[in-house]
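Numbers for residues simply follow the sequence, beginning at 1.
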Amino acid sequence: MFEDEMIFEDDSSGDDIVFEGDADLRGGAFFPDDALFNGMPTFVMLFFVIVIGIFLFSIFKGISTWSKNEQSPRLSVKAKITGKRTNVHHHNSHAHEHHHSHTSTTYYVTFQFESTDRSEFTVSGSQYGKLAEGDEGILTFQGTRFLDFQRNPSKEHTDA
């Protein structure tokens with residue numbers, strides 16, 4: 001045998017199992033000295049830092065939008081509804097043998113001002129149902145926050 005060889009254990013056949021070089025036997029079955037396992041704690045830490053960063057960014061963005069809206073003046077202007085749309089999100093989750101499905105809908109209404117500028121606002125489902133394209137009236141908003149829309153009484157209702 002060579003000096004840099006090390007006998008690990010005798011095999012039942014009587015042959016010696018030989019490892020060349022300086023063998024590190026602390027690894028056990030999972031070989032933690034492998035580069036894959038050395039990089040794993042760094043990868044897991046990086047993953048959590050990214051997830052927490054996204055979470056914090058979302059919170060700060062929401063607070064920033066809320067703050068800007070609070071500092072903006074409440075405006076009431078003549079406007080006409082030029083469009084309505086919805087955005088439906090489907091959420092599915094599978095936990096063990098259970099399947100859960102959830103759907104959420106976001107409602108949007110586009111208003112055109114006398115200056116021909118347009119703004120789209122998120123509105124509640126009940127407000128969305130009350131509004132129709134072509135309606136004209138007074139839009140009240142604060143920053144990007146929809147507050148109210150008072151429809152002008154139509155000629156059909158005043159003539160009756």
Side-chain angles (χ1 to χ4, degrees), residues 21-160:
D22 295 324
D24 184 4
L25 302 176
R26 293 176 291 151
F30 294 107
F31 306 105
D33 290 333
D34 188 354
L36 173 68
F37 293 102
N38 285 336
M40 214 39 141
T42 304
F43 174 75
V44 170
M45 180 65 91
L46 183 62
F47 175 77
F48 282 115
V49 166
I50 290 171
V51 169
I52 290 170
I54 291 170
F55 181 71
L56 291 175
F57 175 78
S58 298
I59 288 173
F60 287 122
K61 185 176 177 187
I63 291 171
S64 173
T65 301
W66 177 83
S67 177
K68 280 183 181 180
N69 285 338
E70 287 298 311
Q71 293 174 3
S72 297
R74 287 180 179 230
L75 299 175
S76 293
V77 296
K78 289 183 181 179
K80 179 179 181 179
I81 297 174
T82 57
K84 291 172 60 173
R85 70 181 181 93
T86 60
N87 190 7
V88 180
H89 294 280
H90 299 283
H91 309 280
N92 295 313
S93 63
H94 303 279
H96 304 292
E97 295 181 16
H98 302 287
H99 174 77
H100 300 282
S101 180
H102 174 73
T103 303
S104 62
T105 305
T106 307
Y107 301 93
Y108 300 94
V109 177
T110 302
F111 294 91
Q112 181 173 325
F113 308 112
E114 288 182 319
S115 65
T116 69
D117 289 338
R118 293 181 180 200
S119 288
E120 183 177 65
F121 295 94
T122 304
V123 298
S124 69
S126 62
Q127 191 70 34
Y128 182 86
K130 295 174 187 175
L131 302 175
E133 279 191 49
D135 283 351
E136 294 183 17
I138 302 297
L139 168 68
T140 304
F141 64 98
Q142 185 175 21
T144 60
R145 184 185 305 144
F146 171 86
L147 297 175
D148 190 30
F149 183 74
Q150 294 296 321
R151 184 180 301 109
N152 288 339
S154 66
K155 292 180 182 179
E156 297 172 3
H157 292 54
T158 55
D159 292 341

*Measure the NZ-CD1 distance between Lys61 and Ile63 for me, rounded to the nearest 0.5 Å.*
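These two atoms lie 13.5 Å from each other.
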*Nearest 0.5 Å please: distance from the CZ atom of Phe111 over to the CZ atom of Arg118.*
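Separation between the atoms: 12.5 Å.
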*Test side-chain contact (heavy atoms from CB on, under 4.5 Å) applied to Ile81 and Phe149, step by step*: CA-CA 10 Å; Ile81 297 174; Phe149 183 74; 3.9 Å; yes
_Test applied, side chain to side chain contact (heavy atoms under 4.5 Å, CB included); reference residue, Tyr108; option that passes from Thr86, Thr122, Val123_ =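 When side chain to side chain contact (heavy atoms under 4.5 Å, CB included) is applied between Tyr108 and each of Thr86, Thr122, Val123, only Thr122 qualifies.
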*Can any side-chain N or O of Ser58 pair as donor or acceptor with the backbone N or O of Ile54 at less than 3.5 Å?*
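It does hold such a pair.
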*For Thr116, which residues count as a side chain to side chain contact (heavy atoms under 4.5 Å, CB included) partner, sequence neighbours excluded?*
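Thr116: side chain to side chain contact (heavy atoms under 4.5 Å, CB included) contacts with Gln112.
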*Determine, step by step, whether Val77 and Glu114 satisfy the side-chain contact (heavy atoms from CB on, under 4.5 Å) criterion, reporting the C-alpha distance in whole Å, the side-chain angles of both residues, the deciding distance to 0.1 Å, and the verdict.*
CA-CA 8 Å; Val77 296; Glu114 288 182 319; over 6 Å; no
Which atom pairs, one a donor and one an acceptor, fall under 3.5 Å between side chains of residues 124-143 and the rest of the protein, sequence neighbours left out?
{"unit_1": "Ser124", "atom_1": "OG", "unit_2": "Ser126", "atom_2": "OG", "d": "3.3"}
{"unit_1": "Ser124", "atom_1": "OG", "unit_2": "Gln127", "atom_2": "N", "d": "3.2"}
{"unit_1": "Asp135", "atom_1": "OD2", "unit_2": "Ala132", "atom_2": "N", "d": "3.0"}
{"unit_1": "Asp135", "atom_1": "OD2", "unit_2": "Arg151", "atom_2": "NE", "d": "2.8"}
{"unit_1": "Asp135", "atom_1": "OD2", "unit_2": "Arg151", "atom_2": "NH2", "d": "3.2"}
{"unit_1": "Thr140", "atom_1": "OG1", "unit_2": "Ser76", "atom_2": "OG", "d": "3.0"}
{"unit_1": "Gln142", "atom_1": "OE1", "unit_2": "Arg145", "atom_2": "NH1", "d": "3.4"}
{"unit_1": "Gln142", "atom_1": "NE2", "unit_2": "Asn69", "atom_2": "O", "d": "3.3"}
{"unit_1": "Gln142", "atom_1": "NE2", "unit_2": "Ser72", "atom_2": "O", "d": "3.0"}

*Which pairs pass ring-ring contact (aromatic ring centres under 6.0 Å, His included) with one or both residues in residues 60-90, sequence neighbours excluded?*
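Non-adjacent pairs meeting ring-ring contact (aromatic ring centres under 6.0 Å, His included): zero.
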_Glu120 bridged to Arg85 by N-O distance under 4.0 Å_ =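 A salt bridge is present here (some side-chain N lies under 4.0 Å from a carboxylate O).
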*Does atom NZ of Lys84 have more than 12 heavy-atom neighbours, drawn from other residues, nucleotides or ligands, at distances under 6.0 Å?*
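Correct, the count exceeds 12.
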*Modelled atom types, side-chain donor and acceptor of Asn87 and Thr106, under 3.5 Å*: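 Looking only at side-chain atoms, Thr106 and Asn87 do not form any donor-acceptor pair under 3.5 Å.
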